[in-house]
Structures are given as C-alpha cells and as structure tokens.
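First the proteins, then the strands, lettered A, B, ... as listed; each starts at 1. These values consider heavy atoms only, across backbone and side chains, with no hydrogens, waters or symmetry-generated copies. If you're wondering where the values come from, they're calculated on a predicted model, not measured in any experiment.
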Amino acid sequence: MAKNEASIPKGTRDFLPGEMVKRNYIFKTIRTVFERFGYLPIETPAMEQASTLTGKYGEEGDRLLFRILNSGNYLADVSDDEILERNVNKLKTSLSDKGLRYDLTVPFARFVVQHLNEITFPFKRYQIQPVWRADKPQKGRYREFFQCDVDVIGSNSLLNEVEQIQIIDEIFKNLGIRIIIRINDRRILFGIAEVIGEADKIIPITIAIDKHDKIGAHKVNEEMAVKGISEKAIRELQPILGLTGSVEEKLNKLENKILLRSRIGRKGVDKMKRLFDYLKTLDLEVNPVFDLTLARGLDYYTGTIIEANSIEMKIGSLCGGGRYDDLTGIFGLNDVSGVGVSFGADRIYDVMEKKDKFPEDITSTTTLMFVNFGEKEEIHCLSLLAEIRKSEIRAELFPDKVKIKKQMNYANQKNVEYVALVGEDEMKNGLITLKNMKTGDQELITLEELIEKLS
RNA sequence: GUGGGUGUAGCUCAGUUGGUUAGAGCACUGGAUUGUGGUUCCAGGGGUCGUGGGUUCAAAUCCCAUCAUCCACCCCA
C-alpha cells in the first residue's frame with residue numbers, strides 16, 4: 001500500500017469542486033447576514049505569538065494548541081540539564097515561540113489592542129478563517145476547521161447580545177437548519193457557586209452542571225465529589241438543578257430565593273431578564289431558551305453565554321459564544337467588554353449535507369464547452385470564445401485534440417450545459433453546432449443567436 | 001488522556017469451520033461507434049490481503065505486537 005505517498009495529516013481535509021461550491025454557499029449566506037447587521041471583515045495571520053495564545057482557553061485548550069517549531073538551531077541555548085530532564089512543557093518555550101490560532105476571538109482581542117488608534121469603538125467586525133486544534137478527530141470534529149466569528153467590542157449594551165441572537169436566528173433560517181438556541185449567564189453560575197460556598201471551584205462546578213442533561217444528576221454529583229466539592233454544597237445544589245417553570249419563573253426563583261446572598265449572581269439574573277424582555281418583542285424563527293445547565297468551557301467568558309445546536313442531527317454545537325469582559329485586559333487594555341459568537345462552518349456543512357439542505361441550483365460549472373477539432377479550428381474557436389466571455393458566459397475550449405468521445409465525456413462528467421462543435425463545415429458557413437447536454441438536442445446557429453440563448 | 005470498531009484493487013465492499021489461481025460493483029483503458037457524452041455489450045490493466053512476528057503441512061482467515069483510520073467519552077465549532 002502506498003499509504004504515505006499521497007496523504008494529508010489526520011483531521012484535515014481536501015475539498016473537491018463540488019464541495020467548495022456548497023461551502024462557499026454557506027460562507028456567502030453567513031457573510032451576507034453579518035454585513036446586513038453592520039459588521040465589517042478583518043483577517044489575522046494563521047500563526048500568533050505563543051504568548052498570545054497560551055493561558056486563554058483553560059488547561060484543556062492549552063494542551064490542544066498547535067505549536068510551530070522555531071527556525072535555526074533552537075537547542076543551542078538550552079542547557080544539558082534541561083534536555084536531560086526531558087520535560088517537554090518546560091522546553092516548549094525554547095523550541096517554539098509561535099503557534100497556530102486556536103480560535104478567532106483571542107487573536108481579535110490582540111488585534112483590537114494593537115490597532116487601537118486605527119479603529120473606532122464600538123468596533124464591529126466579522127472574520128471567516130480556519131483555526132487549528134490538536135484534538136483527536138471524530139464526527140464533526142476536525143483539526144483544521146473554519147470559524148465564522150462576529151464580535152462587537154467596546155460596548156456594554158445588551159443590544160449587542162440581542163443583535164447576535166438575531167444574527168444566529170437569521171443565518172440558520174436562511175440555511176434552512178432547525179436549531180435550538182440556549183442562553184445563560186456565567187454570573188448566575190458564579191453566584192450559585194458562591195452561595196453554596198464553593199466560589200473557587202466555579203469551573204469544575206459549571207462543567208459538571210453542563211453535563212446534567214447528558215449524564216443525569218447522579219453522575220454529575222459523583223463527578224463533583226471527585227473534584228473535591230463538599231457534600232453539603234452538592235446537596236444545596238440539587239434544588240437549583242431541578243428548577244422548573246417558565247423562563248420568568250426560573251429567573252424569579254433564582255433572584256428571590258437562591259441567589260439572595262450573591263450580588264453578582266443577581267446581576268446575571270437581571271441581565272437575563274432584560275435580555276428575554278427584548279427577545280420577546282422580536283419576531284424570531286426560534287425562541288431562545290434559558291438553560292441553567294449551559295456552561296461552556298472556554299475560560300474567557302464572563303457574562304452572557306450562547307449556544308446553538310442542531311435539532312435534526314446529533315453533532316457538537318453549530319454556534320457558540322458569549323460576553324468577555326477582560327480579554328483585552330490581558331494585552332494591556334482594560335475596561336473594554338466584548339461579545340461575539342462563532343459559527344462552525346464545517347459542522348453546518350455536515351448537517352446540511354446529511355439532511356439534504358443545499359439548494360439544487362447552487363452548482364456552478366462551465367456553461368459552454370467547445371470541442372477541439374485541431375489547429376485551424378482552435379484559432380477560430382478562440383475568437384468566438386472571446387466574444388462569448390464578454391457576455392459573461394462561462395466558456396472553455398477543450399485543450400487537446402483527442403477523440404470527440406473523450407471530449408464529450410469530459411463535458412458530461414463536468415456537468416457542462418452545452419457543447420459547441422465547430423469543424424470545417426461550420427467554419428465555412430460561420431455557424432456553430434450547439435448541443436444541449438441534458439436533452440441531447442442539436443441546432444446549427446450563429447454566434448449572436450448562441451450568445452442570446454445562453455445569456 | 002480513557003474505551004470500542006475497522007484495515008482486502010484508485011473507491012465501496014464480498015471472501016464459507018484455515019485449503020491450492022483472492023472476487024464483485026464503481027472508476028480507468030481499448031473496442032462495438034474515426035463529428036457526439038450520459039444507456040447497453042465485449043475485452044483489458046490493476047492486489048507483497050496495513051506492517052512485523054508467531055501457530056500450522058497450509059493463514060486474507062487463528063494468536064501477539066505495531067501503525068493507520070473511524071466512533072464514543074473528555075472538551076469543543
């Protein structure tokens with residue numbers, strides 16, 4: 001087996017023309033909605049300084065960073081002792097000071113700080129680029145995948161959250177994907193941790209709560225116990241996890257009973273109440289739900305958190321995001337809050353492909369192909385082609401004089417709509433034989449008639 | 001990092017309780033049809049059965065190791 005003669009790293013993919021047409025349809029749909037809400041595009045490099053990336057995504061995230069090896073003799077400055085220690089994590093900084101971006105949000109925060117005097121706040125940008133994670137690939141999980149991020153930075157207004165929920169709603173409506181949108185506020189989770197006396201264990205608690213739907217209360221409690229959360233705290237958590245009722249009822253219970261002693265928790269509740277008040281007035285395709293068990297693992301979220309999932313296919317989230325208050329602070333710019341969401345183009349593709357959501361008419365291919373009959377005919381066809389292309393018709397001439405059968409087969413494989421045959425007879429009469437590849441019908445017409453027909 | 005499945009032609013897969021020359025469909029090449037594709041018919045090329053070792057008279061088939069890949073968990077888009 002010639003396995004390594006032609007291959008790509010695991011978790012990466014090639015995209016064939018047929019797939020690219022569909023991918024571009026997704027990107028175009030997303031970009032159109034982003035721009036309709038006043039967001040403008042930026043791009044950042046594939047690689048960032050390692051210091052920009054590390055420490056932003058939690059322990060798990062750091063482990064999944066792709067690092068780029070330094071150039072030159074990077075071991076020259078490393079002492080023998082350090083090498084003999086064989087501690088990769090310690091050596092990393094000597095071996096590598098760059099990494100591939102893990103998401104688009106952290107590079108964006110870096111971008112904002114770096115270009116402070118070139119941008120105006122609130123700054124609304126969108127960014128559609130690949131990101132890389134050294135994860136184990138599986139269904140809906142790739143090592144290289146495209147994120148479509150839309151963020152606004154430098155505004156505390158809740159309108160931004162409202163707007164981004166509208167964007168999510170609009171995009172999935174346009175793509176024809178049925179979703180559920182879940183919303184929560186990290187401050188509520190923090191408040192809960194606070195009132196049960198485990199404020200410092202906020203992260204393991206939220207992660208455990210997040211699994212509530214998947215693995216059930218019993219296992220969640222087990223996991224929290226393993227993580228060192230006291231029995232008393234776990235007991236106090238139970239009525240909170242079992243909260244029932246409408247959004248208002250849940251939020252009221254949280255505000256008036258559970259989070260009485262947590263200022264920050266009540267602040268989160270207040271935000272949620274106001275957010276849902278706004279949302280009620282909108283005519284959304286999908287009504288977002290308040291989900292106390294939504295936690296999200298990324299470290300940098302501090303307020304609202306949002307996630308969208310397919311309801312037709314079991315795959316990871318299609319879209320996720322939230323508000324981050326301190327992200328630019330890490331790069332030296334304090335008190336600038338941002339909120340943004342990220343769409344996973346590859347998972348959206350997977351859902352659309354599986355559920356047959358792509359419109360029929362998006363395939364773009366050559367409209368007209370000239371059969372190659374030889375040198376004299378080639379020159380004649382080239383001038384015809386120039387005229388035809390002026391009318392914005394996609395046209396090509398088969399480059400080799402091979403059997404017509406082979407040329408027709410090429411046109412057929414490529415789904416070319418029409419084939420033009422111009423041989424000796426046609427040249428003499430100044431006509432073109434035009435064949436419709438779908439019906440098989442043929443007609444002898446002039447160049448003008450052909451252009452008229454295909455425009 | 002943890003657990004499970006699968007590796008046979010370019011692709012998708014058959015291959016009987018181990019048995020002699022390893023098959024099919026699709027794709028490819030040629031022909032039926034030298035100015036006509038998608039249908040049909042005929043012919044052809046293409047395999048160290050993932051790799052290494054073991055058991056056996058005999059291994060694609062059984063055992064061990066290893067690599068690759070897919071799936072689940074974790075985490076995430």
Side-chain angles (χ1 to χ4, degrees), chain A residues 1-11 26 30 57-64 101-105 128-149 168 179 203-204 206-208 210-211 214-215 219 223 294-299 301 305-310 314-321 340-351 369-374 377 398 401-427 433-442 444:
Chain A
M1 289 294 300
K3 261 214 171 107
N4 33 20
E5 273 178 32
S7 67
I8 51 174
K10 70 173 165 188
I26 293 174
I30 291 176
Y57 306 106
E59 208 177 304
E60 180 84 9
D62 273 5
R63 217 164 46 78
L64 301 180
R101 59 167 171 254
Y102 179 90
D103 71 355
L104 300 178
T105 308
I128 298 177
Q129 289 191 275
V131 303
W132 294 269
R133 296 181 188 178
D135 219 332
K136 248 189 182 174
Q138 54 187 270
K139 192 170 82 180
R141 165 171 307 183
Y142 307 100
R143 293 187 133 185
E144 177 184 65
F145 60 97
F146 272 75
Q147 289 197 325
C148 311
D149 272 41
I168 296 173
I179 51 154
I203 289 174
T206 53
I207 288 173
D210 191 26
K211 291 181 204 156
K214 279 188 206 157
I215 60 177
K219 290 252 174 168
E223 180 172 323
L294 176 68
R296 298 191 56 75
L298 293 181
D299 274 6
Y301 294 120
I305 43 181
I306 306 168
E307 201 168 291
N309 288 76
S310 165
K314 191 180 171 289
I315 192 165
S317 54
L318 299 180
C319 174
V341 292
S342 177
F343 294 77
D346 304 80
R347 283 183 180 171
I348 291 173
Y349 180 95
D350 289 347
V351 171
M369 187 198 86
F370 277 82
V371 169
N372 190 318
F373 281 96
E377 291 87 345
F398 196 86
K401 181 189 182 286
V402 293
K403 284 183 182 155
I404 310 251
K405 178 174 169 156
K406 204 173 156 108
Q407 301 192 36
M408 295 299 284
N409 192 47
Y410 166 85
N412 192 51
Q413 293 290 326
K414 200 172 170 178
N415 274 320
V416 171
E417 288 179 62
Y418 292 92
V419 166
L421 296 106
V422 182
E424 243 178 274
D425 291 350
E426 286 91 347
M427 273 175 71
T433 297
L434 183 70
K435 182 185 176 90
N436 181 326
M437 289 298 277
K438 246 184 218 121
T439 61
D441 296 341
Q442 262 178 234
L444 199 58

Using the [atom1] atom as the reference point in each nucleotide, state the distance between [N] and [M] in Å, no decimals.
N: B:G1; M: B:C74; atom1: C1'; answer: 8 Å
N: B:G19; M: B:G45; atom1: P; answer: 26 Å
N: B:G5; M: B:A9; atom1: P; answer: 22 Å
N: B:A60; M: B:G3; atom1: P; answer: 31 Å

Strictly under 3.5 Å: I want the nitrogen or oxygen pairs between protein and nucleotides 1-5 of chain B, one per line.
unit_1 : atom_1 : unit_2   : atom_2 : d
B:U2   : O4     : A:Lys136 : NZ     : 2.8

| Does A:Arg347 use its side chain to pair, donor to acceptor, with the backbone of A:Arg141 at less than 3.5 Å? |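 A pair under 3.5 Å: no.
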
| said: Treating A:Glu377 as the side-chain partner and A:Val422 as the backbone partner, does any N or O pair qualify as donor plus acceptor under 3.5 Å? | reply: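 Such a contact is absent between A:Glu377 side chain and A:Val422 backbone.
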
| What string of B, S and - do you get for nucleotides 26-38 of chain B 5' to 3' if you count protein non-hydrogen atoms under 4.0 Å? | ---S-S---BBBB

| query | Counting any heavy atom closer than 4.0 Å, what does A:Phe343 reach on the DNA or RNA strands: base, sugar-phosphate only, or nothing? | reply | nothing

| With a non-hydrogen cut-off below 4.0 angstrom, is A:Cys148 in contact with a base, only sugar-phosphate, or nothing? |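 Result for A:Cys148 = nothing.
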
For atom [atom1] of [X] and atom [atom2] of [N], their distance in whole Å:
X: A:Lys139; N: B:C74; atom1: NZ; atom2: C1'; answer: 17 Å
X: A:Arg143; N: B:C75; atom1: CZ; atom2: P; answer: 19 Å
X: A:Ile8; N: B:U69; atom1: CD1; atom2: P; answer: 10 Å
X: A:Lys10; N: B:C71; atom1: NZ; atom2: C1'; answer: 14 Å
X: A:Tyr301; N: B:C75; atom1: OH; atom2: P; answer: 16 Å

| query | So what is the 5' to 3' dot-bracket string for RNA chain B, if pairs are Watson-Crick or G-U wobble with both distances under 3.5 Å, crossing pairs use [ ] and | means the partner sits on another strand? | reply | (((((((..((((.....[...)))).(((((.......))))).....(((((..]....))))))))))))....

| task | Describe, in one word, how the ring planes of A:Tyr102 and A:Tyr57 are oriented to each other, choosing from parallel (under 30°), tilted (30 to 60°) and perpendicular (over 60°). | result | tilted

